[in-house]
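Below is one structure, written out as structure tokens; the observations come after it.
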Protein chains: 2
Amino acid sequence: MNRHPDKRSRLVDAAVRLVHEQGFARTTLADIAGAAGVPLGNVYYYFKTKEAIGEALVAHHAGHYATLRGQWNQSGDARSRLAAFVQMTADNRAVLARSGCPVGTLCAELHKAGGPLAEQTGAIFTELLGWLEEQFRALGRDTDAADLALHLLSALQGVSLIAHSLDDPEYVDRETARLTGWIQTL
Amino acid sequence: MNRHPDKRSRLVDAAVRLVHEQGFARTTLADIAGAAGVPLGNVYYYFKTKEAIGEALVAHHAGHYATLRGQWNQSGDARSRLAAFVQMTADNRAVLARSGCPVGTLCAELHKAGGPLAEQTGAIFTELLGWLEEQFRALGRDTDAADLALHLLSALQGVSLIAHSLDDPEYVDRETARLTGWIQTL
DNA sequence: GTCTATACATGGATAGAC
DNA sequence: GTCTATCCATGTATAGAC
């Protein structure tokens, strides 16, 4: 891949941003083309259909989180990794209040639409849950590591949704503060 | 209102169901009209625009939760009310896995679209948070009642989103079991 | 109040010149 | 590989007969 790095990646970057802000259905190919500085008809040279852009979008997010996990795995212990994960959400308070979690909102929308894209997006959550479970297991929580992972991801996804729905980053502050404290008690 | 109870309420009921399953944008007026057994053109006698249907939809959900809170307020203590709230989510495991929380998914979609409907939907969360806060306060948690309310709603909304994204009701089971246990410890 | 036919805008996708 | 012009399906909304 990447024989056309310039235009193709510009299109993907534009799609990532616009879809996060507007949703997938409401983002038109003309929007994406315009934001990337590419004529509309030329988009189809890089992506056969709009759904193909959706796939690239999902792959982008999956790759992004994989990279983050790789970085977190490099340093610190399990507890500090979990804290870093929560802190990332806290740092993104403004964006989350404005447009929600890029992955969570995309998952919700694509699952209502159905189709193969829905499963691919959901896989990002599966991978994240697996990584979280590893961290909890490293903390000695062998029996309930999966439940703790689910609880943490639920709380973060939920507060992102609430902060987005009420357009108020303060909710992110409060819940992430609670979760950070909770992690220290484990 | 309600001078046209039959057709109008049939349209709203159909809209509630279809929008939950497909999302607001993907649900066409023809879909709603067809499901309600009303000719397409006649829909516009009851609702001037599609957005007007959206308003009725949001009002329906707001009224539904207001009714539920009224019932819960009739009986039991604060702890059992909170347990009933969590249990409602647990009971809806199948629907949540298939289509997500009707309010949460609607909030997410409408906030990406913008406009006045977004705020009206978000208000459902505000009302729910207020009621939850009252219950926690009744349990003697005066200082952190609001934080506990946010935590509970976040966890439930988050696990609904995850179960929906992974199309698996088991996630709902696990997180609601945890939350039910947590409430008993307060 | 009800319903059919249709206008109009939007947006995904293609044709074909360059 | 690039870009303009255009096709065509979909869906909201309206006109107007009944």
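Letters A, B, ... are given to chains in the order of the sequence lines, protein chains preceding strands, and every chain is numbered from 1.
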Determine all donor-acceptor pairs shorter than 3.5 Å in which one atom belongs to a side chain in residues 138-145 of chain B; sequence neighbours excluded.
| residue | atom | partner | partner atom | Å |
| --- | --- | --- | --- | --- |
| B/R141 | NE | B/D144 | OD1 | 3.3 |
| B/R141 | NH2 | B/D144 | OD2 | 2.8 |

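Under the 4.5 Å side-chain heavy-atom criterion for ILVMFWY residues, a single connected hydrophobic cluster contains both A/Y65 and A/L117. In the hydrophobic clustering of ILVMFWY residues, with side-chain heavy atoms under 4.5 Å counting as a link, B/V95 and B/V16 come out apart.
One atom, CZ of A/F47, and another, C1' of D/dG1, lie 15 Å apart when rounded to the nearest Å. To the nearest angstrom, P of C/dT4 lies 10 Å from CG of B/N42. Between A/L40 atom CG and D/dT4 atom P there is a gap of 10 Å when expressed in whole angstrom units.
Which of D/dT2, D/dC3, C/dT4 sits closest to the side chain of A/P39 comes down to D/dC3.
Listed by chain and number, the residues in a side-chain hydrogen bond (donor to acceptor under 3.5 Å, both in side chains) with B/S99 amount to none (sequence neighbours excluded). Here A/Q135 pairs with A/N73, A/A78, A/R81, A/L82, A/W131 under the side-chain contact (heavy atoms from CB on, under 4.5 Å) rule; sequence neighbours left out. Evaluation of the salt bridge (Lys or Arg N to Asp or Glu O under 4.0 Å) rule for B/R98 yields no partner, not counting sequence neighbours.
The two residues A/H61 and A/P102 have their closest heavy-atom pair at CE1-CB, 3.6 Å. Here the shortest heavy-atom pairing between A/F125 and A/L153 reads CD2-CD2, 3.9 Å.
Of the residues B/E127, B/H64, B/E134, the one that meets the side chain to side chain contact (heavy atoms under 4.5 Å, CB included) test with B/R69 is B/E127.
Distances shorter than 4.0 Å separate some side-chain N or O of A/Y45 from OP1 or OP2 on D/dG1. An OP1 or OP2 oxygen of D/dG1 is reached within less than 4.0 angstrom by no side-chain nitrogen or oxygen of A/K7.
Residues of residues 48-56 of chain A that place a heavy atom closer than 4.0 Å to DNA chain C, in numerical order, are A/T49, A/K50. Looking at residues 105-116 of chain B, you'll see that no heavy atom sits under 4.0 Å from any atom of DNA chain D. Near DNA chain D, meaning a heavy atom under 4.0 Å from it, residues 26-36 of chain B has B/T27, B/T28, B/L29 in order of number. Sorted by residue number, the list of members of residues 15-22 of chain B with any non-hydrogen atom under 4.0 Å from DNA chain C is empty.
Judged by distance alone, the side chain of A/D31 and the main-chain N or O of A/T28 form a donor-acceptor pair under 3.5 Å. The main-chain N or O of A/G100 is never found under 3.5 Å from a side-chain atom of B/K112 such that the two would form a donor-acceptor pair.
For the pair B/L156 and B/L179, the minimum side-chain heavy-atom distance is below 4.5 Å.
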N/O-N/O pairs, protein side and nucleotides 15-18 of chain D side, under 3.5 Å:
none

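Residue pairs that meet the ring-ring contact (aromatic ring centres under 6.0 Å, His included) test with at least one member in residues 78-122 of chain B, sequence neighbours left out, are A/H164-B/H111, B/W72-B/F85.
With a 3.5 Å limit on both pairing distances and Watson-Crick or G-U wobble geometry required, the stems of 3 or more pairs in DNA chain D span C:1-18 with D:1-18.
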Verdict with supporting geometry, B/L106 and B/I124, side-chain contact (heavy atoms from CB on, under 4.5 Å): CA-CA 11 Å; B/L106 190 62; B/I124 299 178; over 6 Å; no
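If you chain together ILVMFWY residues whose side-chain heavy atoms come under 4.5 Å of each other, A/L96 ends up grouped with A/V172.
Annotation: B/Q120, atom CD; neighbour count of heavy atoms from other residues, nucleotides and ligands within 6.0 Å is above 12. Around atom CD of A/Q22, more than 12 heavy atoms belonging to other residues, nucleotides or ligands sit under 6.0 Å away.
In this pair, A/W182 and A/F136 present their aromatic rings tilted. The plane angle is within the 30 to 60° band.
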